[in-house]
Protein chains: 2
Amino acid sequence: MNSEFTIAVHSLVFLAYKTDHMATSDMIAHNVNTHPSRVRKVMSCMRKSGYIVTKEGLGGGYMLNCNPEEVSLAEIYRATSIGSMKPSWCSGKVDEACVVACNMAEVMDHIFCDAEQQLLIYLQQTKISDVLERVRDAQIQR
Amino acid sequence: MNSEFTIAVHSLVFLAYKTDHMATSDMIAHNVNTHPSRVRKVMSCMRKSGYIVTKEGLGGGYMLNCNPEEVSLAEIYRATSIGSMKPSWCSGKVDEACVVACNMAEVMDHIFCDAEQQLLIYLQQTKISDVLERVRDAQIQR
DNA sequence: TTTAACTGTAACAAATATAATAACAGTATG
DNA sequence: CATACTGTTATTATATTTGTTACAGTTAAA
């Protein structure tokens with residue numbers, strides 16, 4: 001799975017965790033442990049989907065624009081990683097005489113698409129707030 | 001998802017399709033459209049799981065050793081790709097003071113493991129014989 | 001008993017994908 | 001108008017995936 005999904009989830013959970021629900025790309029990048037530029041790219045995608053709003057210029061940054069209890073990981077997956085389940089490599093060759101060789105890619109493609117739909121159903125169950133809760137639970141277990 | 005899974009499924013479907021249920025790595029590689037060496041590596045794994053038997057030497061090759069109606073894609077996934085759902089990259093840092101930063105990796109890890117279990121449940125439904133059937137159906141649609 | 005056709009495996013090279021970094025235009029604030 | 005931000009693209013570095021070669025071991029048949 002695409003790691004932009006991980007960055008998006010982490011960033012939204014971080015914003016949900018902060019009392020003011022705000023942070024700059026530098027702050028998020030430090031928390032996520034990646035480069036601010038990468039955070040900005042992912043957050044740009046989150047903004048386009050409406051989960052956050054951004055404020056440019058001095059004193060700007062990112063602010064949560066959704067209820068963490070209403071946004072599920074499925075929606076974040078759709079925004080960041082849809083289609084990433086299917087491997088880029090595919091087997092067979094369409095112009096082969098063999099039935100298996102020339103139809104396998106299509107059949108596998110269908111299997112991967114269905115699998116991704118199943119994944120979305122599973123991810124639907126977990127909301128941003130649930131992730132934050134689990135993070136807090138994990139802390140207590142230390 | 002790992003493409004060894006695709007190669008394994010394609011190879012088993014190809015063996016199931018052949019009337020004698022036998023083929024060499026060269027034949028399979030040509031059908032799958034990859035290198036014989038790669039096929040041998042994946043088939044070696046299939047042999048260890050018991051889905052095929054191999055015969056070395058002249059006139060040797062691979063032979064199906066299971067009922068295609070009983071082996072599901074879940075079993076093949078388990079043999080070839082278990083754990084590949086989780087991205088190798090992970091966010092946060094365990095030694096950070098922030099609760100989110102230091103627990104996020106663990107929480108995401110858990111989410112990916114559960115997601116993989118869900119995937120296995122879905123793959124369980126599809127048997128080698130079903131894939132072959134779909135391949136034949138796809139051919140008819142041409 | 002030698003040769004040819006096969007698998008098993010490891011090592012290496014090439015191609016591709018991913019992640020980090022740099023650069024800079026645009027924007028808002030004081 | 002200087003400063004601190006985002007948005008975006010381009011480039012470089014790193015990791016992963018795939019292809020290829022090589023060769024030892026195995027078996028069957030000439």
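Within every chain, numbering begins at 1; the chains are lettered A, B, ... in the order of the sequence lines, protein sequences first and strands thereafter.
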What does the list of N/O pairs under 3.5 Å between the protein and nucleotides 27-30 of chain D look like, with a distance for each?
residue	atom	partner	partner atom	Å
D/dT27	O2	B/Leu58	N	2.8

Please determine if a side-chain N or O atom of [X] lies less than 4.0 Å away from the OP1 or OP2 oxygen of [N].
| X | N | value |
| --- | --- | --- |
| B/Thr34 | D/dG19 | yes |
| A/Arg40 | D/dG7 | no |
| B/Ser25 | C/dT7 | yes |
| A/Arg47 | D/dG7 | yes |
| A/Ser37 | D/dG7 | no |
| B/Lys48 | C/dT9 | yes |
| B/Ser44 | C/dT9 | yes |
| A/Trp89 | C/dT16 | no |

All N/O pairs under 3.5 Å across the protein-nucleotides 14-16 of chain D interface:
none

So which atom in [X] and which in [Y] form the shortest heavy-atom distance, rounded to 0.1 Å?
| X | Y | answer |
| --- | --- | --- |
| A/Asp109 | A/Lys86 | OD2-NZ, 2.8 Å |
| A/Ser84 | A/Glu116 | N-OE2, 3.4 Å |
| B/Ile111 | A/Tyr122 | O-OH, 3.4 Å |

Linking I/L/V/M/F/W/Y whenever any side-chain heavy atoms sit under 4.5 Å apart, do B/Ile121 and B/Ile76 land together?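 No: no chain of side-chain contacts under 4.5 Å links B/Ile121 to B/Ile76.
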Calculate the interatomic distance between A/Glu4 atom CD and C/dA20 atom C1'; express it in whole Å.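 Atom CD in A/Glu4 sits about 13 Å away from atom C1' in C/dA20.
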Once you round it to whole Å, what is the distance between P of C/dT9 and CE of B/Met43?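 Rounded to whole Å, this separation is 14 Å.
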With distance as the sole criterion, is a donor-acceptor pair present between the side chains of A/Asn103 and B/Arg142 under 3.5 Å?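 Side-chain D/A pair, A/Asn103 to B/Arg142: present.
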Taking the side chain from [X] and the backbone from [Y], do they hold a donor-acceptor pair closer than 3.5 Å?
| X | Y | answer |
| --- | --- | --- |
| A/Glu75 | A/Ser72 | yes |
| A/Asn65 | A/Gly50 | yes |
| B/Asp137 | B/Arg134 | no |

Closest nucleotide of DNA chain C for A/Arg38 versus for B/Lys41: which of these residues is on the 5' side?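 Its nearest nucleotide lies further toward 5', so the answer is B/Lys41.
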